[in-house]
Peer 1: 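A single structure is presented below for examination.
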Amino acid sequence: MIRVYNTLSQQKEVFKPLEPGKVRMYVCGMTVYDYCHLGHARVLTAFDVVTRYLRHRGYEVNYVRNITDIDDKILQRAEANNEDYLALTNRMIQAMHEDEARLGIQPPTAEPRATEFISEIIAMIQVLVNKGYAYPAANGDVYFAVNTFEGYGKLSKKKLEDLVAGARVGVSDAKRSPADFVLWKAAKPGEVSWASPWGEGRPGWHIECSAMSTCCLGETFDIHGGGPDLLFPHHENEIAQSEAATERPFVNVWMHAGAVRVDKEKMSKSLGNFFTIREILEKYPAEVVRYFLVSSHYRSQVDYSEDNLEEAGRTLSRLYQSLRGLVPAESAPETDSDRRFEAAMDDDFNSPGALTVLHALASDINVSRRDGHDEAAGKNAAVLIRLGKVLGLLQQDPEAFFKAGAVEDLTADTIEAMIQARNQARKEKNFSEADRIRDELAEKGVVLDDSREGTSWRRG
RNA sequence: GGCGCGGUGGCAGAGUGGUUAUGCAGCGGACUGCAACUCCGUUAACGCCGGUUCGAUUCCGACCCGCGCCUCCA
């Protein structure tokens, strides 16, 4: 029995898909005008773990994650770059796919793009206009009349009066109410546009997700997820549009990831305090970044700092250290570890709780190896790798994990030669020479591990 | 101002009405030529004040502090 926190009800609920054994999930993806940052990685990782776990539990998951490839920021950026907007979006989509692959994010089942759904978007807007939920304005825009939708605010717990009174919302003369939002934007001369019953234009931000999600997954589906800052207005507006258009419940469970922070502030584009995934991957191995993200609950905020990333690296190393030089069993039966792992994950995808099971397994393996119980160690190793996979961790060859990355101006052969020279010196009790070699390697980021079987190395 | 979330040991981070989270770091020991790795042991916590209770870090209330959304943002 899986329990999931639902933003809509503000509590954990027993997860029950509409169709037994199948899960239909939609997650708001990227607006592709720039490289992905750590905040994106957080959402990507969170829902990757959700998907992996649901599949582990036997569900067939239809995971749809959209790409927003047309909006103001894209057009602005393209113009600033003196680049065709399609060239820009294609470039960023490719970069995003590279980042995802490095972080071990499995591709979604489908990845619809807004520009591929223009006719569906127009059709949905038409329905909203016909039903009286939306109105074309004098300036060529089409707006959703928020006061026509009774449940407006039910996701974000906001009252319409407060929103209108708050009035930080840009007041446009064309809008009937400041809280109304745009469904179709009239094109300015020379802008990319599509023909519509209301003239040349392009979709507003929110409508694309309503159109793509309901087209791909049906009028009602199981899970809708996204970043914390999408809760309002984006998701609130999606509900209004979709439920107004279909007259059916839009989504059963709303899931929102926690924010990534830097120096106690949310990492965001507007604050400019963001680190792109690729910047971070220049400094830390991808799996360490992933471990860092998975080591806190998906709903809580995480603080990005070098200390935290380095600690994640040390901790992940411990896990890999237990697997190093060990041949995992071909297969291992279900164990108590599996059950404890699942108990943690069943409780709203408690990945930090699940990680404690991995650490316990690593300890067991280390003890077995110390005592020469290689078979027991091998079995536990198989379990550790099996459970690690559900979190997208521990799938590398340990040697590759330890030796990956830059060891500047030292080839593996050189390192091996130095190790041999050191071991020769040790044999001759020339310990000052042996230590000199070890220190020299350490200075270049290579740490030596002596054991009965010999000496191995890893990056420090 | 409105709405929401959170304050756990040096740090990161789960969780529970009464019993060890876990990891990193520290300390003592084993292993080692010395280290590293690993193992054994160990220190240390629940923002503040009331209330409920036999018993609260865990439930309730007040307070203090921090964060997020209310404008584009994952």
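It should be emphasised that the depicted structure is a prediction, and the values quoted were computed from it without experimental measurement.
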Peer 1: Just by modelled atom types, is the E238(A) backbone N or O under 3.5 Å from a matching donor or acceptor in the S210(A) side chain?
Peer 2: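 Pair found, side chain donor or acceptor close to backbone of E238(A).
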
Peer 1: G9(B) and G2(B): how far apart are their C1' atoms, nearest whole angstrom?
Peer 2: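 The answer is 37 Å between these two C1' atoms.
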
Peer 1: Just how far, in rounded Å, is P of U22(B) from CG of L358(A)?
Peer 2: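 Rounded to whole Å, this separation is 15 Å.
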
Peer 1: How about D371(A): does its CG atom have over 12 heavy atoms from other parts shown lying under 6.0 Å from it?
Peer 2: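 Check passes, neighbour count above 12.
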
Peer 1: So what does A259(A) touch, heavy atoms closer than 4.0 Å: a base, only the sugar-phosphate, or nothing?
Peer 2: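 The residue A259(A) makes base contact.
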
Peer 1: Can you tell me if E208(A) uses its side chain to pair, donor with acceptor, with the backbone of T68(A) under 3.5 Å?
Peer 2: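 Not confirmed, E208(A) side chain does not pair with T68(A) backbone.
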
Peer 1: Could you point out which residue of Q396(A), Q395(A), R102(A) forms a side chain to side chain donor-acceptor pair (under 3.5 Å) with E287(A)?
Peer 2: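 The option that passes is Q396(A).
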
Peer 1: Any N or O donor-acceptor pair linking the side chain of K159(A) to the base of C3(B) at under 3.5 Å?
Peer 2: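 For K159(A), whose side chain was compared with the base of C3(B), there is no donor-acceptor pair (under 3.5 Å).
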
Peer 1: Using the side chain to side chain contact (heavy atoms under 4.5 Å, CB included) criterion, which residues pair with E440(A)? Sequence neighbours excluded.
Peer 2: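 Result, side chain to side chain contact (heavy atoms under 4.5 Å, CB included) vs E440(A): M418(A), R436(A), K444(A).
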
Peer 1: Measure from the side chain of R458(A), starting at C-beta and using heavy atoms only, and say which of A74(B), A36(B), C70(B) lies closest.
Peer 2: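 In terms of side-chain proximity for R458(A), the closest of A74(B), A36(B), C70(B) is A36(B).
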
Peer 1: Have a look at K158(A) and say if it touches a base, only the backbone sugar-phosphate, or nothing, with a 4.0 Å heavy-atom cut-off.
Peer 2: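 Base contact.
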
Peer 1: Distance check needed: G6(B) P versus R299(A) CZ, whole Å only.
Peer 2: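 Nearest whole value for this atom pair: 8 Å.
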
Peer 1: Hey, is the main chain of L8(A) close enough, under 3.5 Å, to the side chain of K157(A) for a donor-acceptor pair?
Peer 2: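 Side chain of K157(A) to backbone of L8(A), a donor-acceptor pair under 3.5 Å: yes, one is there.
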
Peer 1: G23(B), A21(B), A74(B): which one has an atom nearest the side-chain heavy atoms of D229(A)?
Peer 2: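 Out of G23(B), A21(B), A74(B), the nucleotide with an atom closest to D229(A)'s side chain is A74(B).
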
Peer 1: List, one per line, each side-chain donor-acceptor pair under 3.5 Å for residues 373-383 of chain A, sequence neighbours excluded.
Peer 2:
none

Peer 1: Take atom C1' in C73(B) and the same atom in A62(B), then report the distance between them in whole Å.
Peer 2: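 Result for the C1' pair: 36 Å, nearest Å.
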
Peer 1: Taking only the C1' atom of each, what is the distance from U42(B) to G10(B) in whole angstrom?
Peer 2: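 To the nearest whole Å, 16 Å.
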
Peer 1: With K269(A) as the cation and Y33(A) as the aromatic partner, state whether NZ or CZ is under 6.0 Å from the six-membered ring centre and within 45° of the axis.
Peer 2: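 Verdict for Y33(A): a cation-pi partner in K269(A).
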
Peer 1: Counting any heavy atom closer than 4.0 Å, what does E310(A) reach on the DNA or RNA strands: base, sugar-phosphate only, or nothing?
Peer 2: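 If one applies the 4.0 Å heavy-atom cut-off, E310(A) turns out to touch nothing in the nucleic acid.
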
Peer 1: I need the CG-P distance between D180(A) and U71(B), as an integer number of Å.
Peer 2: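 It works out to 14 Å between those atoms.
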
Peer 1: Using a cut-off of 4.0 Å on non-hydrogen atoms, how would the nucleic acid contact of V260(A) be classed: base, sugar-phosphate, or nothing?
Peer 2: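 Base contact - V260(A) has a heavy atom under 4.0 Å of at least one base atom.
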
Peer 1: Which of the following nucleotides, G23(B), C5(B), A74(B), is nearest to the side chain of K269(A)?
Peer 2: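 The answer is A74(B), which lies nearest to the side chain.
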
Peer 1: For RNA chain B, which consecutive runs of 3 or more Watson-Crick or G-U pairs (each distance under 3.5 Å) count as stems?
Peer 2: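 RNA chain B forms these stems: B:1-7 with B:64-70, B:10-12 with B:22-24, B:26-30 with B:38-42, B:49-51 with B:59-61.
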
Peer 1: How far, in whole Å, is U19(B) from G13(B) if one measures between their P atoms?
Peer 2: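 Between the two P atoms, the distance is 25 Å.
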
Peer 1: Between the main-chain N or O of A354(A) and the side-chain N or O of S351(A), is there a donor-acceptor pair closer than 3.5 Å?
Peer 2: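 Answer holds: no.
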
Peer 1: Under 4.0 Å between any heavy atoms, over every strand shown, what does G258(A) touch: base, sugar-phosphate, or nothing? Just pick one.
Peer 2: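 Touches a base.
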
Peer 1: Can you find a side chain N or O atom of W205(A) that sits less than 4.0 Å from OP1 or OP2 on C73(B)?
Peer 2: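 Answer is yes, contact under 4.0 Å.
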
Peer 1: Report yes or no: is the cationic atom of R299(A) (NZ for Lys, CZ for Arg) under 6.0 Å from the centre of the six-membered ring of Y5(A), at an angle within 45° of the ring normal?
Peer 2: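 So R299(A) does make the cation-pi contact.
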
Peer 1: Using the P atoms only, state how far U20(B) lies from A44(B), rounded to an integer number of Å.
Peer 2: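 14 Å, rounded to whole Å.
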
Peer 1: Just to be sure I understand the rule, does L231(A) reach a base, reach only the sugar-phosphate, or reach nothing, if contact means heavy atoms closer than 4.0 Å?
Peer 2: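 The answer is nothing, as L231(A) stays clear of every strand by at least 4.0 Å.
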
Peer 1: Tell me every residue that passes salt bridge (charged side-chain N to carboxylate O under 4.0 Å, His left out) with E79(A), counting only those two or more places apart in sequence or in another chain.
Peer 2: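 Listed in chain order: nothing, the list is empty.
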
Peer 1: K157(A) side chain: which of A21(B), U38(B), G4(B) is closest?
Peer 2: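 Per side-chain heavy atoms of K157(A), the pick is G4(B).
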
Peer 1: If you check every side-chain atom of R261(A), which of A36(B), C67(B), C5(B) has the closest atom?
Peer 2: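 Nearest listed nucleotide: C67(B).
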
Peer 1: Hey, what are the protein-to-nucleotides 10-14 of chain B N/O distances that come in under 3.5 Å?
Peer 2:
| residue | atom | partner | partner atom | Å |
| --- | --- | --- | --- | --- |
| A14(B) | OP1 | H297(A) | N | 2.7 |
| A14(B) | OP1 | S300(A) | OG | 3.4 |
| A14(B) | O3' | N350(A) | ND2 | 3.0 |
| A14(B) | O2' | N350(A) | ND2 | 3.4 |

Peer 1: Could you measure between the two C1' atoms, the one in A12(B) and the one in G7(B), and give it in whole Å?
Peer 2: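 Comparing C1' positions in A12(B) and G7(B) gives a spacing of 15 Å.
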
Peer 1: Does N237(A) use its side chain to pair, donor to acceptor, with the backbone of H206(A) at less than 3.5 Å?
Peer 2: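 No: the side chain of N237(A) does not pair with the backbone of H206(A).
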
Peer 1: Is there a donor and acceptor pair, one atom on the side chain of S156(A) and one on the base of C3(B), closer than 3.5 Å?
Peer 2: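 Answer is no: no donor-acceptor pair is held.
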
Peer 1: Is the closest side-chain heavy-atom distance between R458(A) and D449(A) below 4.5 Å?
Peer 2: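 R458(A) reaches D449(A) side chain to side chain.
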
Peer 1: What N/O pairs connect the protein and nucleotides 30-35 of chain B at under 3.5 Å? Give each pair on its own line.
Peer 2:
| residue | atom | partner | partner atom | Å |
| --- | --- | --- | --- | --- |
| G33(B) | O6 | R426(A) | NE | 3.3 |
| G33(B) | N1 | D435(A) | OD1 | 2.9 |
| G33(B) | N2 | D435(A) | OD1 | 3.4 |
| G33(B) | N2 | D435(A) | OD2 | 2.6 |
| C34(B) | O2 | R438(A) | NH2 | 2.7 |
| C34(B) | N3 | R438(A) | NH1 | 3.0 |
| C34(B) | N3 | R438(A) | NH2 | 3.3 |
| A35(B) | N6 | D450(A) | OD2 | 2.8 |
| A35(B) | N1 | D450(A) | OD2 | 3.1 |
| A35(B) | N3 | R438(A) | NH1 | 2.7 |

